[in-house]
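No experiment lies behind these values; they were computed from the predicted model shown.
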Amino acid sequence: GAGVSQSPSNKVTEKGKDVELRCDPISGHTALYWYRQSLGQGLEFLIYFQGNSAPDKSGLPSDRFSAERTGGSVSTLTIQRTQQEDSAVYLCASSLGGGVVGYTFGSGTRLTVV
Amino acid sequence: GQQLNQSPQSMFIQEGEDVSMNCTSSSIFNTWLWYKQDPGEGPVLLIALYKAGELTSNGRLTAQFGITRKDSFLNISASIPSDVGIYFCAGPPTGNMLTFGGGTRLMVKP
């Protein structure tokens, strides 16, 4: 597609439920990133996929968070047993070849855990 | 871990005013980036800096890569209402992951 597409744009879930957030990167972009933006805060790195290499999961805050990228394209971020502190905007970005200047962000998924 | 300190955290602007913000890091960067985020959108790259001392402009925006390689500055001249939003500095200490500052929120004076 023309840009990075994320869905849903908004998600309200009950504490303890699992959620899945989807990211559809720009076609041909081999690198994909997930970041989290809490209210009034900067962006916190979560996970990085590059081609067929093992992902860099060093930013995932707990084992309730996981992500996968199927076929080198679409990625899903899963949060199990959601907690109120998981409420944030989850941003996905992609780039061609992992070059930092070439990051293009999606509009994000605003997750609210009630 | 890597930390970026961005200031001010927020500021009110009046149309026509010049605006300045800065970012400092705890370690040396080889790249500094400045992004703007509009409400409900992801950040968009404004300016990229690659060399200590570099001064780069993009319209009314000017950014500088500090000579110590630990700081960067963004100036907006003659601000207009559409300049409101959140401005982030960012840089990669190593590898391909961006580390972001806490952001500077620009608002319009009532």
Assess whether atom [atom1] of [X] is packed by more than 12 heavy atoms of other residues, nucleotides or ligands within 6.0 Å.
X	atom1	result
B:I67	CD1	no
A:E85	CD	yes
B:Q9	CD	no

Exam field: side chain A:Y35 to backbone B:L98, donor-acceptor pair closer than 3.5 Å: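 Between the backbone of B:L98 and the side chain of A:Y35 there is a qualifying donor-acceptor contact (under 3.5 Å).
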
Hydrophobic cluster membership, A:L32 vs A:I79, 4.5 Å side-chain cutoff: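 As far as the 4.5 Å side-chain criterion goes, A:I79 and A:L32 are connected within one cluster.
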
A:Q6 portion near chain B, given a 4.5 angstrom heavy-atom threshold: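 For A:Q6, neither part sits under 4.5 Å from chain B.
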
Chain A contact via B:Q37 - which portion, at a heavy-atom distance below 4.5 Å: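 Contact with chain A is through the side chain of B:Q37 alone.
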
Least distance between heavy atoms, A:L91 atom then B:G42 atom: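 For A:L91 versus B:G42, the nearest heavy atoms are CD2-CA, 3.9 Å.
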
